[in-house]
Amino acid sequence: MAGPFGTLIFFVPVIILFYFMLIRPQQKAMKAHQALIAGLKRGDTVVLSNGVIGKITRVEAEQAMVEIAQGVNVAVVKQMITQVRDRTGVAANDTKTIAKS
């Protein structure tokens, strides 16, 4: 089996291994990130790719406005959002008072 058929028998399992170890997990991660981006809405607390944490104030087609400090909004490309920490939760810097009963 030193001919071309023997070489083929060696490379087929290697290609299958590469598919299941590298390509398939990457495709799953890409689909999960696209679903995360598609589900963004106002009020979500997000983490950007550079580590900045902020709250979404407006969502557009390709970008979102993120409040990174009180009164400081920045336009961010939606693909740079890596994680959604809290969906529509009350931010810690909100000035709303909680009514006591």
Side-chain angles (χ1 to χ4, degrees):
M1 283 205 183
F5 187 68
T7 310
L8 183 64
I9 288 176
F10 173 73
F11 279 112
V12 169
V14 171
I15 292 171
I16 292 171
L17 182 70
F18 269 109
Y19 175 75
F20 283 106
M21 297 288 290
L22 297 173
I23 298 170
R24 190 165 176 242
Q26 182 65 28
Q27 288 176 341
K28 279 186 169 184
M30 190 182 314
K31 284 182 184 180
H33 186 256
Q34 288 173 349
L36 178 121
I37 297 299
L40 290 175
K41 58 187 174 293
R42 186 171 185 243
D44 290 349
T45 302
V46 295
V47 179
L48 304 179
S49 62
N50 61 359
V52 175
I53 299 173
K55 184 177 177 182
I56 294 182
T57 57
R58 187 174 71 207
V59 179
E60 297 174 359
E62 295 294 321
Q63 59 185 350
M65 292 297 288
V66 178
E67 183 179 34
I68 58 174
Q70 192 168 9
V72 179
N73 289 312
V74 292
V76 176
V77 177
K78 287 168 67 172
Q79 295 297 324
M80 294 296 111
I81 296 173
T82 58
Q83 181 183 10
V84 177
R85 285 244 174 127
D86 187 19
R87 295 204 177 267
T88 63
V90 178
N93 63 354
D94 257 349
T95 57
K96 297 178 185 176
T97 58
I98 299 173
K100 295 180 182 179
S101 52

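Numbers for residues simply follow the sequence, beginning at 1. Below, each value reflects all heavy atoms present in this structure, side chains not excepted, and no hydrogens, waters or symmetry copies.
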Exercise for the section: Spell out, yes or no, whether Ile9 and Leu17 are grouped together once hydrophobic residues are joined by side-chain heavy atoms under 4.5 Å, including indirect joins. Expected result: no
Those residues at least two apart in sequence (or on a different chain) that pass side-chain contact (heavy atoms from CB on, under 4.5 Å) with Val52 are Leu48, Asn50, Ile68
Next on the checklist: Quick check on the hydrophobic clustering: are Leu22 and Phe11 connected, directly or via other members, by side-chain heavy-atom contacts under 4.5 Å?
Outcome noted: yes
Tell me which donor-acceptor pairs under 3.5 Å the side chains of residues 72-82 have, and how far apart each pair is, sequence neighbours excluded?
residue, atom, partner, partner atom, Å
Lys78, NZ, Glu60, O, 3.3
Thr82, OG1, Val47, O, 3.1

Does Leu8 share a hydrophobic cluster with Val14, counting links as ILVMFWY side-chain heavy atoms below 4.5 Å and allowing steps through other members? no
Rounding to 0.5 Å, atoms CD (Gln26) and OH (Tyr19) come to a distance of 12.5 Å
Taken to the nearest 0.5 Å, the spacing of Ile53 CD1 from Glu67 CD works out to 14.0 Å
Thr57 backbone acceptor or donor facing Arg42 side chain under 3.5 Å: yes
Output for pair (Leu40 CG, Ile56 CD1), nearest 0.5 Å, gives 4.5 Å
Taken in chain and number order and not counting sequence neighbours, the residues that satisfy side-chain contact (heavy atoms from CB on, under 4.5 Å) with Ile16 are Val12, Phe20
